[in-house]
J.: 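What follows is a single structure, and I will ask about it in a moment.
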Amino acid sequence: MLEERSTTYDFHAIESAWQERWERDRIYLTRDDDQRPKYYVLEMFPYPSGDLHVGHAKNYTFGDALARMMRMQGYNVLHPMGWDAFGLPAENAAIQRGVDPDSWTRSNIANMQRQIRLMGTGYDWTREFATCDPAYYKWNQWLFLRMYEKGLVYKREAPVNWCPVDQTVLANEQVEGGVCWRCGSPVERRNLSQWFLKITAYADRLLQDLDLLEGWPERIKVMQRNWIGRSEGVTFSFDVEGVADAKISVFTTRIDTLFGATYVAIAAEHPVVERLMQAAPKKRGVIEAFRDSLKSKSELERTSLMEKTGVFTGTYAINPLSHEKIPIWVTNYVLAEYGTGAVMAVPAHDERDFDFAKKHGLPIAQVIVPPGVQVDGPLTEAYVEDGRLIASGDYTGMSSTRARAALAQRLEAMGIGKTTVNYRFRDWLISRQRYWGTPIPIIYCPKDGEVPVPDDQLPVFLPANVPITGQGSPLANDPSFINTTCPKCGGPARRESDTMDTFFDSSWYYIRYIDPHNERAPWDPARVRPWMPVDQYIGGAEHAVLHLLYARFFYKFFIDMGWCTGPPEPFTRLFNQGTLLYNGEKMSKSRGNVIGIDDTVERHGVDAMRLFLLAAAPAEDALPWTEEGISGRVRFLARVWRASEPFFARAKSVPLDRLPQVDGEAQRAIVRAVHVALKSGADETNTRRFHFNTTTARLDELVNLLTAATRDSRYWDDPAVLYAIHALPILLAPFAPHMADELWSRLGYATSVHLERWIEPDAAALAVAEITLVVQVNGKVRARIQAEPGIDEDRAFSLALAEKNVKDFVGEKSVRMRVYVQDKLLNLVV
RNA sequence: GGGCGCGUGGCGGAAUUGGUAGACGCGCUGGAUUUAGGUUCCAGUGGGGCAACCCAUCAGAGUUCGAGUCUCUGCGUGCCCACCA
C-alpha cells in the first residue's frame with residue numbers, strides 16, 4: 001500500500017534553525033569539571049584569508065565528524081577554533097588597496113567564522129581568539145622574554161634569506177627550492193643582524209622523540225628527520241703550508257677516506273679566504289672575481305643546475321697523517337653555512353668531489369675497495385660505499401668502520417680533531433621587517449645596549465594607523481613607535497622595529513585554547529595539565545617541517561620550564577588531510593578553480609556537502625569534487641526523510657538501549673544493518689582509523705532496507721523498523737548533524753541528538769542465522785554452501801562433497817589435505 | 001640523483017589480521033510510475049562464453065592449501081629533499 005508523502009526535506013529551513021538552536025543551547029561548550037575521559041581534537045587553525053571553499057570544508061567536516069564521534073563515544077571533547085591572524089596577506093592588501101590590516105583581518109575573520117558555522121561544526125566558540133589580539137600577542141612577547149632569559153633567543157649578524165618582493169628575511173624552513181614560500185620569488189642572501197631562536201639546542205630531542213610518535217604518519221617523521229639532518233663524523237684541521245696562523249677546519253663523515261684527500265675545498269664566503277689571499281697575493285684577483293660572480297647570483301641559481309666551479313688559491317694544506325701537500329680551492333659547491341664551510345675533498349669516494357676533480361684535472365686517489373675486490377684500474381665513478389682501506393699507511397687493510405674509529409682516535413690524540421655531530425638545520429630566524437606581526441619586545445639604549453622590555457610594560461602594542469607602503473619596515477618609519485625610553489636608565493632609546501615570524505604565534509596556540517582568557521599568564525599549568533597533549537591533530541602535510549617542528553620545539557621548552565607536564569610531545573596523533581581536487585588539480589584560490597561554500601550550501605545543503613566529503617574517500621586521500629557525487633548525497637538524505645516521515649506523526653517511545661523483539665529474517669536483517677553501521681562507526685573511531693567513508697556506506701545499506709520496508713504501511717508498527725528509524729538519527733549525528741536532530745525532534749525527543757551516546761554494537765544483533773561457507777578445490781572457489789554458524793569441519797566436508805561442482809572437480813582424485821577456516825572457508829587439496 | 005608512498009571496473013573507492021575481489025556511491029543500460037521529468041521506485045552493470053565454466057587487482061617471477069594483501073625484479077605515477085661533506 002503506497003502512501004502519499006506530505007512534506008519534503010526543506011534543508012534551508014532545517015539547517016539554519018538547528019544551527020541557531022545549538023548556539024542558543026550552547027551544546028558544544030566544553031567544561032573542565034567533566035568526569036568523562038578527555039579528548040582534545042584540533043584542526044590547524046586557519047589564516048583568515050577571506051572566503052572558504054569546499055576544500056576547506058573537507059578539513060573542517062572531517063574534524064567535526066571525528067569530534068562528534070568521540071563525544072558520542074563518551075569523551076569530554078575539546079574542539080576549539082581560532083585564527084592565525086598575523087601575516088603578510090593583510091599587509092599586502094594594505095599596500096595594494098590602502099586598507100587597514102587590522103580591519104581587513106577582522107572582516108575576514110567575521111566572514112570565515114560565519115562560513116565555518118554554516119558548515120554545522122560543533123566548536124566551543126567561547127575559546128576563540130585571534131593571534132593579532134593584544135591579549136594573545138602579549139604572551140608571545142612574554143614567551144620570547146623567557147626564552148631570552150634562558151639564552152634561547154639571540155641576535156646575530158649572519159647570511160640570511162631575503163625575499164626582495166616581500167621585503168623581509170625568511171627562515172630556512174620558509175625557503176622552498178630556493179624561492180620564497182609565500183610569493184615564489186627567488187630568495188637572495190644578505191648579511192644582516194637578526195633575531196634567532198636556538199632550536200638547534202633541542203636537535204637531539206626533536207630527533208629522538210620522533211620515535212615516540214606512533215600515531216604520526218611515517219612520511220612526516222622521515223621529513224623531520226631529514227630536515228634535522230643529524231650526521232656523525234670528525235672535525236679536524238689542516239695546517240696551511242707557509243701560513244702558520246691559518247688552519248682550515250673541516251667536517252667529514254668519512255674520515256676513513258682521509259688518505260684519499262687530494263685537495264681541500266672551501267666556500268667562497270669562508271673567512272679564511274682573506275688570509276689565503278694575503279699569503280698568495282697573485283691569486284687575489286681571480287678569487288675576488290669568482291666570489292663576486294657568485295654574489296650576483298640568486299640562491300636558486302647557485303643551488304640548482306649549477307656546474308661545479310672553483311679557483312685554486314695558490315696555497316696548500318698538509319694532510320695531517322700522510323703529510324702530503326694538497327691544493328686549496330675556493331669552490332661554489334661547498335656551503336658556507338654547513339659544517340665548517342670547508343671540506344677535505346676525496347674524489348675517489350665522493351660524487352661531487354669526483355666531478356670537480358675530473359673537470360679541473362685534480363688527482364683521484366682510490367683508498368677504499370669493495371670487500372674482496374682488488375684494484376682493477378682507475379675509477380670511472382666515485383665509489384661511495386664502505387669497504388676495505390688501501391694505500392692508507394698504518395690503516396691499510398682495515399674496514400671502513402674500524403678505520404673511522406681508529407682515525408678519529410688518532411686525530412684526537414694528536415690534538416687536531418674530535419668526533420662531532422653536525423646538523424643540517426639551522427637556528428630559527430624569527431625577525432621580520434614587516435608590520436603585521438608581534439613586535440619584538442626589545443629596546444636599544446645608547447647607554448645600556450640591548451634591554452628587554454619589562455613584563456609589566458607588556459604588551460608592546462602594535463601601533464594603529466601606520467603608513468604601509470611596501471618600502472622599508474613600517475615600524476622603523478614610525479617615530480612614535482620607535483622612540484621610547486630605556487627601562488633601565490630612563491634615557492631616550494629606540495625600540496626594535498622587527499616583528500616576529502607568525503610561526504611563533506602558532507607554536508603554542510593549542511595550549512591557549514585550554515585557558516583562553518587568562519590575563520595573568522599565557523596559561524595556568526594546573527588548568528592545562530589535564531588536557532595536554534592534543535590527542536588528535538589534523539592538518540595538511542605542508543607543515544611537516546615548519547609549524548610541526550617549531551611547535552614541538554616550543555613544547556619541549558615548556559616542559560623544561562615546568563609549565564607543561566606529562567609526555568614530551570604536544571600532538572599524540574597526527575592526521576594529514578588529503579587535498580580536494582577539481583578538474584584534476586588541487587582546489588585553490590591561486591589556481592582559480594574554487595567552488596564556494598556559500599553557493600554549495602545554498603544549492604545542496606550543508607548535510608549533503610558534509611556527507612559527500614566524508615563518503616567519497618578516506619579523509620587522508622585526495623578527493624575529486626563532483627557535482628554528481630553531491631547530488632547522490634542529496635538523494636540519500638531525501639531517502640532518509642521519506643523513510644522516516646511516516647513515523648513523525650506516530651511518535652512513540654522506542655527504547656534504544658535494548659534490542660527489539662523481532663521474528664522473521666527480514667526484521668532481523670534490519671536490526672542487523674543498524675548494528676553493522678553502529679559497529680563500523682565504533683570501529684573506525686576506536687582504532688583511530690577514521691575511515692568514515694565505510695561507515696556511510698553501511699548507512700546507505702541500512703537506508704536502502706528501510707526504504708523498501710517503509711513503503712508498505714503494514715510495517716509502520718513493526719518493532720524492527722521502529723527500532724531502526726529511531727536509531728537512524730544517532731547514526732547520522734556525526735555526519736549529517738542537522739538532519740539527525742530534525743529527525744530526532746520529529747520522532748518526539750525533546751533534547752538534541754548530539755547529547756546522546758552512540759549505541760553499543762550488540763553481538764546478538766550482529767549474529768547471523770546462516771553463514772556462507774566457501775568451498776575451494778585447490779584454492780579455487782567451486783561452491784558456496786549455506787550452513788549454521790559453528791559448523792564443524794567434518795560436517796562441512798561431507799556437505800561440500802555433496803555439492804555437484806565440488807564432486808566434479810575432485811573427480812577420481814583423493815583429497816590430500818583439507819584447510820578449514822571456521823564459518824568461512826573449506827579448501828580441499830587434491 | 002636520493003628518500004618515502006601508491007598502482008583494484010568507465011569514475012571515487014571497499015576488501016582492517018593472507019581466506020567469497022569489486023561493498024557503497026557516481027555514471028551508464030533497461031523497465032515501471034508520472035501530463036512531464038534533471039522526480040521516485042525496480043532490475044542490470046569487470047571481461048569472455050549459448051552454457052558448464054574460463055580469465056581478471058600495472059607486468060613478470062617467487063612463497064603458500066590459498067596472494068589485491070607477503071618477497072624479489074621491471075614499468076608507471078605521486079610527494080618530499082635536492083651539492084648537507
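Because only heavy atoms are used, hydrogens play no part in the values below, and waters and symmetry mates are left out as well, while side chains stay in. Each chain gets a letter, A, B and so on, in the order its sequence line appears, and its residues count up from 1.
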J.: Take atom P in B:C26 and the same atom in B:U40, then report the distance between them in whole Å.
T.: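 Taking atom P in both B:C26 and B:U40, they lie 10 Å apart.
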J.: Quick one: side-chain hydrogen bond (donor to acceptor under 3.5 Å, both in side chains) partners of A:Trp227, sequence neighbours excluded?
T.: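 Applying side-chain hydrogen bond (donor to acceptor under 3.5 Å, both in side chains) to A:Trp227 gives A:Glu173.
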J.: Write out a two-atom table: protein N or O, nucleotide N or O from nucleotides 43-51 of chain B, distance below 3.5 Å.
T.:
none

J.: If a pair satisfies side chain to side chain donor-acceptor pair (under 3.5 Å) and one of its residues is in residues 768-781 of chain A, list it, with sequence neighbours excluded.
T.: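 Non-adjacent pairs meeting side chain to side chain donor-acceptor pair (under 3.5 Å): A:Glu770-A:Gln786, A:Thr772-A:Gln786.
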J.: B:C70 pairs with which nucleotide, Watson-Crick or G-U wobble, both distances below 3.5 Å?
T.: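 Pair assignment: B:C70 / B:G62.
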J.: May I have the distance from A:Tyr338 (atom OH) to B:C83 (atom C1'), rounded to whole angstrom?
T.: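 From A:Tyr338 OH to B:C83 C1': 12 Å.
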J.: Who does B:A43 pair with, Watson-Crick or G-U, both distances under 3.5 Å?
T.: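 Pairing partner: B:U29.
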J.: If the test is side chain to side chain contact (heavy atoms under 4.5 Å, CB included), which one of A:Leu728, A:Thr707, A:Leu678 qualifies with A:Leu702?
T.: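 That would be A:Leu728; it is the only one of A:Leu728, A:Thr707, A:Leu678 passing the side chain to side chain contact (heavy atoms under 4.5 Å, CB included) with A:Leu702.
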J.: Looking at A:Arg424, does any N or O in its side chain come under 4.0 Å of the phosphate oxygens OP1/OP2 on B:A82?
T.: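 Yes, within the criterion.
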J.: Throw together a table of side-chain donor-acceptor distances under 3.5 angstrom for residues 626-638 of chain A, partners on residues two or more places apart or in other chains.
T.:
residue, atom, partner, partner atom, Å
A:Thr626, OG1, A:Gly629, N, 2.9
A:Glu627, OE1, A:Arg603, NH2, 2.9
A:Glu627, OE1, A:His604, NE2, 3.2
A:Ser631, OG, A:Glu627, O, 3.0
A:Arg633, NH1, A:Asp700, OD2, 3.1
A:Arg633, NH2, A:Asp700, OD1, 3.2
A:Arg633, NH2, A:Asp700, OD2, 3.4

J.: Does B:G1 pair with anything, Watson-Crick or G-U wobble, both distances under 3.5 Å, and if so, with which nucleotide?
T.: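 Base partner found: B:C81.
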J.: Judged by atom type as modelled, is there a donor-acceptor pair below 3.5 Å linking the side chain of A:Asp712 to the main-chain atoms of A:Tyr715?
T.: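 No, A:Asp712 side chain to A:Tyr715 backbone: no donor-acceptor pair under 3.5 Å.
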J.: Please work out if A:Met817 contacts a base, only the sugar-phosphate, or nothing of the nucleic acid, heavy-atom cut-off 4.0 Å.
T.: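 The answer is base, as A:Met817 lies within the cut-off (heavy atoms under 4.0 Å) of a base atom.
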J.: Indicate whether OP1 or OP2 belonging to B:C53 is found under 4.0 Å from a side-chain N or O atom of A:Arg782.
T.: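 False: A:Arg782 side-chain N/O out of range (4.0 Å or more) of B:C53 OP1/OP2.
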J.: Who does B:C6 pair with, Watson-Crick or G-U, both distances under 3.5 Å?
T.: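 Partner of B:C6: B:G76.
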J.: Looking at A:Arg782 and A:Glu803, does any basic side-chain N land under 4.0 Å from a carboxylate oxygen?
T.: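 A salt bridge is absent here (no side-chain N lies under 4.0 Å from a carboxylate O).
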J.: Assert yes or no for the condition that the ring centre distance of A:Phe62 to A:Phe575 is strictly below 6.0 Å.
T.: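 A:Phe62 vs A:Phe575: aromatic centres under 6.0 Å.
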J.: Determine, for nucleotides 12-31 of chain B in 5'-to-3' order, which nucleotides have protein heavy atoms under 4.0 Å from the base (write B), from only the sugar-phosphate (write S), or from neither (write -).
T.: SSSSS--BBS-BSSSS----
J.: Between B:A51 and B:G19, how far is it from one C1' atom to the other, in whole Å?
T.: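 To the nearest whole Å, 29 Å.
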J.: With sequence neighbours excluded, tell me which residues meet side chain to side chain contact (heavy atoms under 4.5 Å, CB included) with A:Ser400.
T.: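 With neighbours one apart ignored, the set is A:Arg254, A:Asp256, A:Ile368, A:Asp386, A:Leu389, A:Arg404.
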J.: For B:A23 and B:G78, measure between their C1' atoms and round to the nearest Å.
T.: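 Those two atoms are separated by 27 Å.
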